A.B. asks: 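The structure is given below, and queries will be raised subsequently.
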Amino acid sequence: MKSSELVFIGIKGSVVALNRATGKQVWTARLKGSDFVNVVVQGGAVLASCYGEIFWLDPLTGNALWHNPLKGFGTELATIAGERDLGLYTAATFAEKRRRDQEAASAATAATTA
């Protein structure tokens with residue numbers, strides 16, 4: 001199987017590879033926690049960020065080729081961009097950030113009215 005025959009989904013702390021033609025799951029890579037996962041295919045590999053850490057995965061197996069915990073940067077959302085991809089994959093991350101900000105504002109409002 002070729003990586004071009006797969007589609008990669010970031011969901012709940014994992015990356016899932018699906019067969020593009022059938023939708024069948026090919027592999028799952030559990031990353032960290034159960035947080036939002038940002039995924040980009042670049043340079044023959046899958047880059048995924050989750051819980052403030054970055055993972056470089058083999059697109060055919062899901063095995064981690066390397067992992068960087070990005071110590072000192074916290075556990076917030078991270079965007080990934082390559083030279084060709086700059087700006088293409090940030091919409092989902094910004095949408096998740098907006099959702100989290102709205103959730104925090106609602107919680108703050110509920111706390112002050114309680």
Side-chain angles (χ1 to χ4, degrees):
M1 178 168 281
K2 298 177 187 175
S3 61
S4 61
E5 297 173 22
L6 300 172
V7 62
F8 305 97
I9 311 298
I11 187 168
K12 202 172 182 181
S14 299
V15 176
V16 180
L18 303 177
N19 181 301
R20 188 178 295 273
T22 66
K24 286 187 177 181
Q25 186 172 317
V26 177
W27 56 257
T28 300
R30 185 90 173 101
L31 303 179
K32 183 152 181 140
S34 61
D35 203 11
F36 175 82
V37 180
N38 187 14
V39 180
V40 173
V41 178
Q42 180 181 41
V46 176
L47 274 163
S49 67
C50 180
Y51 203 67
E53 300 188 12
I54 188 93
F55 301 81
W56 188 278
L57 307 175
D58 181 304
L60 300 179
T61 65
N63 293 331
L65 301 174
W66 56 255
H67 162 244
N68 185 327
L70 299 172
K71 289 189 181 211
F73 291 100
T75 59
E76 296 301 316
L77 296 172
T79 59
I80 304 170
E83 190 174 319
R84 287 185 3 195
D85 308 315
L86 196 57
L88 294 178
Y89 298 100
T90 57
T93 305
F94 288 135
E96 176 63 11
K97 170 86 169 96
R98 189 170 33 257
R99 185 194 67 76
R100 288 181 183 200
D101 289 348
Q102 289 171 344
E103 189 176 87
S106 294
T109 301
T112 60
T113 60

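The shown structure was predicted, so the numbers you read here are calculated from the model rather than taken from an experiment. The residues of the chain are indexed from 1 along the displayed sequence.
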A.B. asks: So which heavy atom on W56 is nearest to which on A45, and how close?
C.D. replies: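 That would be NE1-CB, 2.8 Å.
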A.B. asks: Taking all non-hydrogen atoms of both residues, which atom of G10 and which atom of V37 are closest, and how far apart?
C.D. replies: CA-CB, 3.7 Å
A.B. asks: Establish whether L47 and Y51 are linked, either directly or via other cluster members, by ILVMFWY side-chain heavy-atom contacts under 4.5 Å.
C.D. replies: no
A.B. asks: State, with a plain yes or no, whether a side-chain heavy atom of T28 is found less than 4.5 Å away from one of V15.
C.D. replies: no
A.B. asks: Hydrophobic cluster mates of L18, side-chain heavy atoms under 4.5 angstrom, ILVMFWY only, any path?
C.D. replies: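 Taking Ile, Leu, Val, Met, Phe, Trp and Tyr as members, L18 shares its hydrophobic cluster with V7, I9, I11, V16.
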A.B. asks: Closest heavy-atom contact between L60 and D58?
C.D. replies: N-OD1, 2.7 Å
A.B. asks: List the atom pairs, with distances to 0.1 Å, where a side-chain N or O of residues 66-74 and a protein N or O form a donor-acceptor pair under 3.5 Å, not counting sequence neighbours.
C.D. replies:
{"residue": "H67", "atom": "NE2", "partner": "E53", "partner atom": "OE1", "Å": "2.4"}
{"residue": "N68", "atom": "OD1", "partner": "L70", "partner atom": "N", "Å": "2.7"}

A.B. asks: Could you tell me if the side chain of N19 sits less than 4.5 Å from the side chain of M1, heavy atoms only?
C.D. replies: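 Yes; the side chains approach each other to less than 4.5 Å.
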A.B. asks: As an exercise, state the distance from CZ of F55 to SG of C50, rounded to the nearest 0.5 Å.
C.D. replies: 6.5 Å
A.B. asks: Is it true that a side-chain atom of W27 and a backbone atom of P59 form a donor plus acceptor pair closer than 3.5 Å?
C.D. replies: yes
A.B. asks: Measure the CZ-OG distance between R20 and S3 for me, rounded to the nearest 0.5 Å.
C.D. replies: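 Rounded to the nearest 0.5 Å, the CZ-OG separation comes to 9.5 Å.
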A.B. asks: Work out which heavy atom in G62 is nearest to a heavy atom in L57; give both atom names and the distance.
C.D. replies: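 Distance-wise, the nearest heavy atoms are O-CD2, 3.6 Å.
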